[in-house]
Asks: 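Can you keep this structure in mind? I'll have questions shortly.
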Amino acid sequence: GAVVSQHPSRVICKSGTSVKIECRSLDFQATTMFWYRQFPKQSLMLMATSNEGSKATYEQGVEKDKFLINHASLTLSTLTVTSAHPEDSSFYICSASGQGGAYYEQYFGPGTRLTVT
Amino acid sequence: KQEVTQIPAALSVPEGENLVLNCSFTDSAIYNLQWFRQDPGKGLTSLLLIQSSQREQTSGRLNASLDKSSGRSTLYIAASQPGDSATYLCAVRDFQKLVFGTGTRLLVSP
C-alpha cells in the first residue's frame with residue numbers, strides 16, 4: 001500500500017516552454033502533497049506544500065508564478081514549470097500524506113528528471 | 001531554522017563491515033526522524049521512522065537510534081553488502097515539513 005506515482009519519469013523540453021508533472025497517490029487519499037527538487041549530489045529541498053482544494057504554500061525563494069501547483073483531487077497534484085529555462089533542470093520528487101497532521105508519514109514518488117535545453 | 005547535517009558525506013567499506021551513519025539536527029523540537037535510501041536517479045525508499053518519543057527502531061540489519069535532546073541520530077548497518085550501496089538521507093519532521101540532511105553516499109565493495 002501507500003504507492004505514489006509520477007509521470008513522466010523523464011522529460012526534455014526546450015527553453016521557454018512549459019512542462020507539467022503529475023503526482024498520483026494510487027491507493028490512498030492524499031490530503032497533503034509536497035513537491036521537492038533535488039540538484040545533482042545535493043539533498044531534497046521542499047518547494048511547496050499543497051492541501052487538496054487549497055492554494056499551495058510555497059517555500060521562501062520559490063517563485064509561485066513559475067512553479068504552478070494544482071491539487072484538485074485527493075489523488076492528483078500537478079506541478080507545471082512555466083517558461084522553463086536550463087537552470088530549472090533538476091530532479092523533481094513529490095510526496096503524499098494521507099493525513100494532514102504532523103505524525104503521518106509521507107510517501108514518495110519515483111521522481112521526474114527534467115532537462116531544459 | 002532547522003538544519004540537518006550528515007557525517008560522513010561519503011563512505012567506502014568492504015563487504016561484511018558494520019558501519020554507522022550519523023545525522024545531527026539543530027532544533028530538537030521535532031515530531032519524528034526518518035531514514036531514507038536513494039539509489040542513483042531514483043526516488044526515496046523509507047527505511048526507518050522514529051517517533052520523537054522513541055529511542056530506536058530496527059528493521060533487519062538496520063538499527064536507527066534517536067537522541068532528541070542532543071539532536072542526534074545514528075543509522076547502524078550490520079554486515080554490509082554491495083546491495084547496500086546508495087545514498088542515505090535522514091530527515092526530521094518539523095510540523096508538516098520534512099527537512100532533509102545532506103546525505104551520506106555509501107559504497108560497499110565486494
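All chains are named by letter (A, B, ...) in the order of the sequence lines, taking the proteins before the strands, and each is independently numbered beginning at 1. When reading the values below, keep in mind they use all heavy atoms of this one structure, side chains included, and skip hydrogens, waters and symmetry mates.
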Asks: Identify the residues of residues 7-17 of chain A whose heavy atoms come closer than 4.5 Å to a heavy atom of chain B, ordered by number, or report 'none'.
Replies: none

Asks: Spell out, yes or no, whether A/Ile21 and A/Val62 are grouped together once hydrophobic residues are joined by side-chain heavy atoms under 4.5 Å, including indirect joins.
Replies: yes

Asks: Anything in residues 99-110 of chain B with a heavy-atom distance to chain A below 4.5 Å? Please list those residues in order.
Replies: B/Phe100, B/Gly101, B/Thr102

Asks: Go through it in stages, so that I can follow the logic: the residues are A/Cys23 and A/Trp35, the test is side-chain contact (heavy atoms from CB on, under 4.5 Å), and I'd like the CA-CA distance, side-chain angles, deciding distance and then a yes or no.
Replies: CA-CA 9 Å; A/Cys23 176; A/Trp35 287 95; 3.6 Å; yes

Asks: Honestly curious: do A/Ile93 and A/Phe34 fall in one hydrophobic cluster under the side-chain, below-4.5 Å linking rule?
Replies: yes

Asks: Please step through side-chain contact (heavy atoms from CB on, under 4.5 Å) for the pair B/Asn32 and B/Gln54, ending with a clear verdict.
Replies: CA-CA 9 Å; B/Asn32 57 47; B/Gln54 297 176 324; over 6 Å; no

Asks: In the single-linkage hydrophobic clustering (I, L, V, M, F, W, Y; side-chain heavy atoms under 4.5 Å), do B/Leu89 and B/Ile77 co-cluster?
Replies: no

Asks: Does either side chain, that of B/Thr26 or that of B/Glu3, offer a donor lying less than 3.5 Å from an acceptor on the other one?
Replies: no

Asks: With a 4.5 Å limit on heavy-atom distance, are the side chains of A/Leu79 and A/Cys94 in contact?
Replies: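 Not touching, per the 4.5 Å side-chain cut-off.
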
Asks: Under a 4.5 Å heavy-atom cut-off, does chain B meet the side chain of A/Glu59, its backbone, both or neither?
Replies: side chain

Asks: Can you list the residues of residues 34-47 of chain B that sit under 4.5 Å from chain A, counting heavy atoms only?
Replies: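 Within residues 34-47 of chain B, the residues under 4.5 Å from chain A are B/Gln34, B/Phe36, B/Gln38, B/Gly41, B/Lys42, B/Gly43, B/Leu44, B/Ser46.
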
Asks: Only heavy atoms, only distances under 4.5 angstrom. Which residues in residues 39-50 of chain A are near chain B?
Replies: A/Ser43, A/Leu44, A/Leu46, A/Thr49

Asks: Does A/Ile69 belong to the same Ile/Leu/Val/Met/Phe/Trp/Tyr cluster as A/Tyr107, with side-chain heavy atoms less than 4.5 Å apart forming each link?
Replies: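 No, A/Ile69 and A/Tyr107 fall in different hydrophobic clusters.
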
Asks: Are the side chain of A/Ser73 and the backbone of A/Leu76 linked by a donor-acceptor contact shorter than 3.5 Å?
Replies: yes

Asks: Go through the steps to decide whether B/Tyr88 and B/Cys90 satisfy the test side-chain contact (heavy atoms from CB on, under 4.5 Å), and finish with yes or no.
Replies: CA-CA 7 Å; B/Tyr88 290 81; B/Cys90 74; over 6 Å; no

Asks: Checking B/Glu56 against B/Tyr76: is there a side-chain donor and acceptor pair closer than 3.5 Å?
Replies: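 No.
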
Asks: Using a cut-off of under 4.5 Å on heavy-atom pairs, state which of A/Gly109, A/Pro110, A/Gly111, A/Ser95 scores highest against chain B.
Replies: A/Pro110

Asks: Using modelled atom types and a 3.5 Å cut-off, is there a donor and acceptor pairing between side-chain atoms of B/Ser80 and backbone atoms of B/Asn18?
Replies: no

Asks: If you draw a 6.0 Å radius around NZ in A/Lys20, do more than 12 non-hydrogen atoms from other residues or ligands fall strictly inside?
Replies: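 No.
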
Asks: Report the C-alpha distance between A/Lys64 and A/Lys55 in whole Å, list the side-chain angles of each, state the deciding distance to 0.1 Å, and finish with yes or no for side-chain contact (heavy atoms from CB on, under 4.5 Å).
Replies: CA-CA 10 Å; A/Lys64 62 180 180 180; A/Lys55 288 185 178 180; over 6 Å; no

Asks: Please check: side-chain N/O of A/Lys66 versus main-chain N/O of A/Ser83, any donor-acceptor pairing under 3.5 Å?
Replies: yes

Asks: In the single-linkage hydrophobic clustering (I, L, V, M, F, W, Y; side-chain heavy atoms under 4.5 Å), do B/Ile50 and B/Val92 co-cluster?
Replies: yes

Asks: Does a side chain donor of either B/Ser69 or B/Asp67 reach within less than 3.5 Å of an acceptor in the other side chain?
Replies: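 Yes - a donor-acceptor pair under 3.5 Å links their side chains.
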
